[in-house]
Peer 1: 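Below are the structure tokens for one structure; questions will follow.
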Amino acid sequence: MSAASQARDAAVLVALMAGPSSTLPMHLAPALGLSIAEVSRSLQRLRKAGRVRCEGPRWIVNEETGA
């Protein structure tokens, strides 16, 4: 994985941990200065790594693997 992808993944993870605002990619992307596709790819990589999970429309950080 490239350094840019790792940086995006870290930014998305921090945004998810920051609070109760919407965790949909379309809402996270503008705040992070990323495209929806970039946020979606980051979320999928984080999910595969076991760092986040999707419950309904929300993405949630797995506490045991969070920061």
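Below, all heavy atoms of this structure are taken into account, side chains as well, without hydrogens, waters or symmetry copies.
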Peer 1: Kindly write out the residues that satisfy salt bridge (Lys or Arg N to Asp or Glu O under 4.0 Å) with Arg45, not counting sequence neighbours, or none if the list is empty.
Peer 2: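 Only Asp9 meet the salt bridge (Lys or Arg N to Asp or Glu O under 4.0 Å) criterion with Arg45.
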Peer 1: Could you state the interatomic distance from CG (Leu34) to OG (Ser40), rounded to the nearest 0.5 Å?
Peer 2: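 Those atoms lie 10.5 Å apart.
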Peer 1: With the 4.5 Å side-chain cut-off for hydrophobic clustering, are Met17 and Leu43 part of the same group?
Peer 2: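 Hydrophobic grouping puts Met17 with Leu43.
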Peer 1: Ala29 and Ile36: which non-hydrogen atoms are nearest, and at how many Å?
Peer 2: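 The answer is CB-N, 3.8 Å.
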Peer 1: Provide the closest heavy-atom pair for Trp59 versus Leu16 in the form atom of the first, atom of the second, distance.
Peer 2: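 Distance-wise, the nearest heavy atoms are O-CD2, 3.8 Å.
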Peer 1: First locate atom CE of Met26, then atom OG of Ser35, and finally report the distance between them rounded to the nearest 0.5 Å.
Peer 2: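 That separation rounds to 13.0 Å.
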Peer 1: List in chain and number order the residues that pass salt bridge (Lys or Arg N to Asp or Glu O under 4.0 Å) with Arg53, two or more places apart in sequence or in another chain; answer none if no residue qualifies.
Peer 2: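 Salt bridge (Lys or Arg N to Asp or Glu O under 4.0 Å) list for Arg53, sorted by chain: Glu55.
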Peer 1: Closest heavy-atom contact between Ala15 and Leu32?
Peer 2: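 Where Ala15 meets Leu32 most closely, the heavy atoms are CB-CD2, 4.0 Å.
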Peer 1: Quiz question: by atom type and distance under 3.5 Å, do the side chains of Gln44 and Arg41 form a donor-acceptor pair?
Peer 2: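 Judged by distance alone, the side chains do not pair up.
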